[in-house]
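Within every chain, numbering begins at 1; the chains are lettered A, B, ... in the order of the sequence lines, protein sequences first and strands thereafter.
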There are 2 protein chains.
Amino acid sequence: MSSFTVEADRFQTPTPDHLEAGRVVIAVVDGEITGVERAGTEAARALAEASADHRVLGDNQVLTPGFIDLHLHAPQWQQNGTALDLPLDEWLFTYTFPLEASFADRAVAEAVYPDLVATLLGHGTTTAAYLSSVHDEATAILAETCVAQGQRAFVGRVAMDHPTGTPDFYRDHDAVSGIDASRRSITDIAAIDAGRGLVRPIITPRFAPACTDEMLAGLGRLAEETGTLVQTHCSESDWEHNYAFERFGTSDTEALDAFGLLREHTLLAHANHVRPSDIDLIAERGAVIAHCPISNAYFANAVLPLPDALARGARVGLATDIGAGVRVGVFQQIHDAVTFSRIRQDGVDARKDPDARGVPDAAIDTVTGFWLATAGAAEAAGLPVGLLEPGRRFDAVVFDLDAPGGVIRHLALDDEARRFEKLVRLAGPHDIAEVWVDGVSVHRR
Amino acid sequence: MSSFTVEADRFQTPTPDHLEAGRVVIAVVDGEITGVERAGTEAARALAEASADHRVLGDNQVLTPGFIDLHLHAPQWQQNGTALDLPLDEWLFTYTFPLEASFADRAVAEAVYPDLVATLLGHGTTTAAYLSSVHDEATAILAETCVAQGQRAFVGRVAMDHPTGTPDFYRDHDAVSGIDASRRSITDIAAIDAGRGLVRPIITPRFAPACTDEMLAGLGRLAEETGTLVQTHCSESDWEHNYAFERFGTSDTEALDAFGLLREHTLLAHANHVRPSDIDLIAERGAVIAHCPISNAYFANAVLPLPDALARGARVGLATDIGAGVRVGVFQQIHDAVTFSRIRQDGVDARKDPDARGVPDAAIDTVTGFWLATAGAAEAAGLPVGLLEPGRRFDAVVFDLDAPGGVIRHLALDDEARRFEKLVRLAGPHDIAEVWVDGVSVHRR
C-alpha cells in the first residue's frame, strides 16, 4: 500500500462559477484521495501526523487538479499547429491523412508516441482522449505508452471506410473489417491496461463523412454490446453540419443518435453548429461536447455557444484537438476559450451597432474555463478525477510561481481570484514543477 | 571596434506577404550589419574568412530579426493579465491607476522595472515602446534600466490632467506642470541614453479622456518644437470612439490631428474603431496603428480591420499592451493576431448565414503577423531594425528548435513555410537561446 499526505495551497472549481482557494492537507492511499482537511485545523494536523510520508509545498507553489484533454489526434503530433490556413478538407487530404497513414510502420509510432505522451504530461495533461489511426499496432503502442508513462487515457482506434470521404491509401477495407478491428482494439487495450483502470478503449468512428452507414451502425451496436465509450466529431463546420442534412436528412447529432452512437459520455468534438434542439438531445443522452477553442477558430467558421450549451444541461469539456491545437496543453487553451467567448460576445466588426455585433451573454470567465478542463471534463467523461476531494483519484499538478523564466511570479495581488486568473492565463509548461496521475508522480521539472 | 560574423538559417519577412528563408552569413561591425551573403557562396566564404570572430549556428537553430512591441505600460507589469473581465474604466480606476500611482516611490520602480525589461528581452522583445507613469524618477529608472540591460526602447512619461478622466491621487497638477514634466523627461532620457541611440523619449498624452485640451495642444507644440515622437491611445473601444465625438465633435483621430499629435511615426494604440476616413488620415500623416490583439479582445469590442488598414497605406505594428497583454512577448501575440483575424473573417455566430457572419478578406497569415512584429513595426516606428540586412542594426533572436521541454522540435516538415508557421505559432520564451540588440548579446538561456 502506497500512502502519503501533502499540504498545499489548492485551487479547484467544483462548479463552473465557484473557485475554491485555500491551504489544505490531502491524504492519498493507493492513488485515491481518502481525506482533505483545511490546513491549520486539528483534523489536518492529525492527518499529517498519521502519515509516514508528509510533504509540504511552499507558498510559492500551487496544487490543482490535473487537466483533461477530451479530444486530440495522436498521429497528428508532428504537424501540430501547421497549415491551419487551409480549408479543412485540403488540410486533411494533403497533410493529415498521409501523415496518419505513415503510422502503418510501427517504428513511426514508437518514435512519436512516447514524445507526445511525455510532452502532454509535462504540460499538465493528466487525462487525454486520443484518436489513434486505423492501425492495430500503432494503437496498441499508444496505449502501451500511456501505461508506461502513467497517463490516464482513452485510446481510440479510428474507423473510416467511406469511399469518397477518405483517401485510397488510408481507410478500412470495408465496414466489416473496420468494425472487427475496432472490436479487437477494445480487447487489446483492456489487456494492455491489465486492470489498472488507467487506459481505456474508446470506439471511434472518425466522423460521418468518413464512414459508411454500415460502419456507423455497426459501431453503434458494438458500443451497446460492449458498453464501451464512443468518440467522434459532430457539426464542426458549416460544411460538416450541412453534409449531414444532405446525406441523412437530419442533423449530425440526430444521425449519430440514430446509429446508436449518441450515448452516455459520448465525446463529440467541436459541435459548434449544433442547433438548440441538438444541444437538448446531447443533454438528454448524457453526451459531451469536447470544445476545441483554437482549432475551431480555424476550421469551424463560428465560436461554440458555450454558456447556452451549459444552460441547456449539456456536458462540456475542453480539448486541444492536436494537430490543429497549437497550444499543446489543454490547460493553456483555457485562456483561449475565455478570450474567444469574449470575442463571441462583443463581436468583431466595429461598423455594426454594438447590439448587433455579437451574441449577448456569450462570455465565460477563467473559473468556468478551468472547470471545463478539470471537474467539468471529469464529470463529462465519467472519470473520478477533476477535483482534489475524498473518493477521487489523485491526478494533480504542482505549479511553481517562481519558476525560472516564468511570468506568473508577480503574485503580490490582494485576492485569490486575481492570483487564480493570473495563473490560468499566464502559466506555461515551464511553470509546472510536478505532475501526478493516480497517486504516482509522472513528471518533474 | 567590435565585429563578428554569424552563419545561420534565417527567417525574415521583407514585406507582409513574403517569407525569406535560407542559410546566410551575416557580418556585423559595431552593431551594424555590414554584409549578408547566401551561405555556401564564394562571397559568404570571404566574409567568414575575413572575420576574427566567426560563429556558426546549428541546423537546430534559427535566426530571426528581434521583435518590436509598439505599446505597453511598464508600471502595469505586476497586474499583467488580471481582471480582464472588467469594463475598461473599472479596470483602470480600481486596479491600474492605484498600481501606477505606487511608482511615486522610486523603490517600486527599482524593484519592478529590471524584472520587466529582463523578462521582455528573454521573450525576444528587442524594442519596446513603453508608457511609464507620471513620475519623473520612475521614468528615468525605466530608461536607465533599458540602457543597462541593452534593450532598444522608447520611454514615455505619461501626461494626464483631466479632472474627471483621471483620479485625484494620480494625475498631473495641471496642464502646464504636465507639459513641463514631459519636456524635462525628453532631456532626462537623452542624457541617460548619452548618444547611444538606444533609448529615446516619446511624448505621451495618455489618451484624450485623460487630458485637457490645454494638455493635448501643449504636447502637440512640444512634439513640433523638439521633433520628439508621440504615442497615445486612439478609438480603442466603442466608449473611447464615441467619447471623442461628444467632446470634440470629431473622431479621436481627427482630434489628435487638430492638436498636432498625429505626426509621422505617432504610435496610436488599438484604433479598432477608426473609420475609413480616419485610416486615410493616419496613412497621410505617416502615423502608426499599434495593434494589440489580446487586449482588444477584452477592452475593444471589435477586432481591428487589419488588411483594410494595410491596404489603405496605414503603418501598422504589433503590441502586447501589458498589463492587458497576457502573452508577455510580442512574438507570442503573432499567433493571436492571426487567429483573431480569422475569427473576424469567419464571424462568431453559427445561427447567422455564413455570408453575413464575418468580414470578408479579414484574415492575415503568420507571414503578415511576423512582419507586423519585425519589418513592419520597424518601418512604422522609424527604426533601422526589423530585417537582418546590410545597413540595419543587428537586433536578432536565436531560436533553439530542440530546447528542453519545447514543442517545436518536430520540424521534419517538408517546406520552409510550414517550419516557419510552426515556429511562429508554437515557440515560447524557453525556445529562445539568445537575444541580440545593437550587436550586443543581451540574453542567453
Side-chain angles (χ1 to χ4, degrees), chain A residues 77-85 95 112 115 119 122-123 238 241 272-275 294 297-298 300-303 305 326-328 335-336 338-340 342-344 346-351 354 357-359 362-363 365-366 405 407 409-410 412-413 418-419 421-422 425-426 428-430 445, chain B residues 77-85 95 112 115 119 122-123 238 241 272-275 294 297-298 300-303 305 326-328 335-336 338-340 342-344 346-351 354 357-359 362-363 365-366 405 407 409-410 412-413 418-419 421-422 425-426 428-430 445:
Chain A
W77 178 227
Q78 292 142 291
Q79 71 166 152
N80 187 43
T82 62
L84 298 185
D85 292 337
Y95 292 108
V112 171
D115 182 71
T119 302
H123 281 69
D238 285 305
H241 186 62
N272 302 286
H273 291 260
V274 289
R275 305 162 304 173
I294 292 178
Y298 287 94
N301 322 120
V303 177
V326 183
R327 305 281 170 229
V328 168
H335 160 72
D336 292 304
V338 172
T339 304
F340 302 168
R342 180 62 178 257
I343 296 178
R344 178 173 163 88
D346 285 359
V348 297
D349 186 1
R351 293 168 311 181
R357 207 179 284 159
V359 182
D365 63 12
T366 46
V407 293
R409 62 194 168 285
H410 284 295
L413 298 172
R418 295 181 74 211
R419 287 165 59 97
E421 184 185 0
K422 190 149 186 159
R425 293 197 193 272
L426 274 69
H430 293 271
R445 195 193 45 228
Chain B
W77 178 226
Q78 292 143 290
Q79 71 165 152
N80 187 44
T82 63
L84 297 186
D85 292 337
Y95 292 108
V112 172
D115 182 71
T119 302
H123 282 69
D238 285 305
H241 186 62
N272 303 286
H273 291 260
V274 290
R275 305 163 304 174
I294 292 179
Y298 287 93
N301 323 120
V303 177
V326 184
R327 305 283 169 228
V328 168
H335 161 72
D336 292 304
V338 172
T339 305
F340 302 168
R342 179 64 177 255
I343 296 178
R344 179 174 162 88
D346 285 359
V348 296
D349 186 2
R351 294 169 309 182
R357 207 179 286 158
V359 182
D365 63 12
T366 46
V407 292
R409 62 193 169 286
H410 284 295
L413 297 171
R418 294 182 75 211
R419 288 166 58 99
E421 185 186 0
K422 190 148 185 161
R425 293 198 194 271
L426 274 70
H430 294 271
R445 196 192 47 226

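Residue A:Thr119 touches chain B through its side chain alone, counting heavy-atom pairs closer than 4.5 Å. Looking at B:Arg275, neither its backbone nor its side chain comes within 4.5 Å of chain A, counting heavy atoms on both sides. Only the side chain of A:Asp238 comes within contact range of chain B, with at least one heavy atom under 4.5 Å from a heavy atom of that chain. Of the atoms belonging to B:Asp336, it is side-chain heavy atoms, and not backbone ones, that fall under 4.5 Å from chain A. The parts of A:Val338 that come within reach of chain B are both its backbone and its side chain, each placing non-hydrogen atoms under 4.5 angstrom from that chain. Neither the backbone nor the side chain of A:His241 has a heavy atom closer than 4.5 Å to any heavy atom of chain B. For B:Arg445, no part lies near chain A; criterion is any non-hydrogen pair under 4.5 Å. Heavy atoms closer than 4.5 Å to chain A are found in the side chain of B:Ile294, but not in its backbone.
Of the listed residues (A:Asp365, A:Val328, A:Asn80), the greatest number of heavy-atom pairs within a distance under 4.5 Å of chain B belongs to A:Asn80. Among B:Gly122, B:Ala300, B:Pro429, B:Ala83, the residue making the largest number of heavy-atom pairs under 4.5 Å with chain A is B:Ala83. Among the candidates A:Thr366, A:Val359, A:Thr339, the residue making the largest number of heavy-atom pairs closer than 4.5 Å to chain B is A:Thr339. Put simply, of B:Ala363, B:Gly405, B:Ala350, B:Gly358, the one with the most heavy-atom pairs under 4.5 Å next to chain A is B:Ala350.
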